[in-house]
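Reading through the structure tokens given below for one structure.
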Amino acid sequence: MGLLSGMMGHASEVSIEKLQREFQPILLDNEQLEKAFKLIRDMLVFTNKRLILVNKQGLTGSKTDYQSIPYASIKMFSKESAGIMDMDAELKIWLTGESEPTIKQDFRKGNNINEAYKILSKYVLK
């Protein structure tokens, strides 16, 4: 179901240990990776300082865009849980100055969306 979920646009958790080498050059000295969720080639990466959106570009995915969003820039966030007949849940994030959610991400039914929601709560609601 993991590969099928990714192909259908649902985020699934990625091991932090596997990402350490890729992210080490862009992390601050006191910054640690907390959780990461992958969507086909793109990712949502939560650190203890910011949310990093990773966009793999091009046919081979060799060009990568890392967009950093400080938690202080997040104005509001919500989760819509999966219903009885739903296969997915949705996370929405609004940034300061925006009236519509800037980030919308589907998660497959399960606890992944709750983990992402808890991390946002931990750092945004300080």
Group every Ile, Leu, Val, Met, Phe, Trp and Tyr by side-chain heavy-atom contacts under 4.5 Å, then state whether [X] and [Y] land in the same group.
X      : Y      : answer
Leu125 : Met76  : no
Val54  : Ile26  : yes
Trp94  : Val124 : no
Leu53  : Val14  : no

Test: Lys122 and Glu115 ion pair at under 4.0 Å: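 Looking at Glu115 together with Lys122, the answer is no, because their closest N to O distance does not fall below 4.0 Å.
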
NZ/NE/NH1/NH2 to OD/OE distance under 4.0 Å, Lys75 and Glu98: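 Answer for the salt bridge query: no.
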
Separation between [atom1] of [X] and [atom2] of [Y], rounded to the nearest 0.5 Å:
X     : Y      : atom1 : atom2 : value
Leu39 : Asp106 : CG    : CG    : 8.5 Å
Tyr66 : Glu22  : OH    : CD    : 3.5 Å
Thr64 : Lys56  : OG1   : NZ    : 3.5 Å

Less than 4.5 Å apart, any side-chain heavy atom of [X] and any of [Y]?
X      : Y      : answer
Leu91  : Leu120 : yes
Glu90  : Lys79  : no
Ser68  : Ile52  : yes
Lys104 : Ile93  : no
Met43  : Leu19  : yes
Asp42  : Lys38  : no
Leu51  : Ile103 : yes
Ile113 : Glu80  : no

For the residue pair Ile16 and Ala36, what are the closest heavy atoms and their distance?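 Looks like CD1-N, 3.8 Å.
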
Please determine, by modelled atom types, if Thr47 and Glu34 share a side-chain donor-acceptor pair under 3.5 angstrom.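 No pair is found: no donor N or O on one side chain lies under 3.5 Å from an acceptor on the other.
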
Donor-acceptor pair, distance only, cut-off 3.5 Å: does the side chain of Ser73 make one with the backbone of Leu95?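 Judged by distance alone, no pair lies under 3.5 Å.
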
Ignoring hydrogens and angles, tell me if any N or O in the side chain of Asn48 forms a donor-acceptor pair with the backbone of Gln32 under 3.5 Å.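 Indeed, once roles are kept as given, a pair shorter than 3.5 Å links the two residues.
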
Apply the test side chain to side chain contact (heavy atoms under 4.5 Å, CB included) to residues Glu13 and Asn112: give CA-CA distance (whole Å), side-chain angles for both, the deciding distance (0.1 Å), then the verdict. CA-CA 7 Å; Glu13 192 169 351; Asn112 285 342; 3.6 Å; yes

Assess the residue pair Arg50 and Glu31 against the criterion (side chain to side chain contact (heavy atoms under 4.5 Å, CB included)); give the C-alpha distance rounded to whole Å, side-chain angles, the decisive distance to 0.1 Å, and a yes or no. CA-CA 9 Å; Arg50 60 187 156 162; Glu31 187 174 18; 2.7 Å; yes

Determine the interplanar angle of the Phe46 and Tyr71 rings, folded into 0 to 90°, and report it as parallel if under 30°, tilted if 30 to 60°, perpendicular if over 60°.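 Parallel.
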
The single option from Phe77, Tyr123, Phe107 passing ring pair (Phe, Tyr, Trp, His ring centres under 6.0 Å) against Tyr117: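 With Tyr117 as partner, ring pair (Phe, Tyr, Trp, His ring centres under 6.0 Å) holds for just one option, Phe77.
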
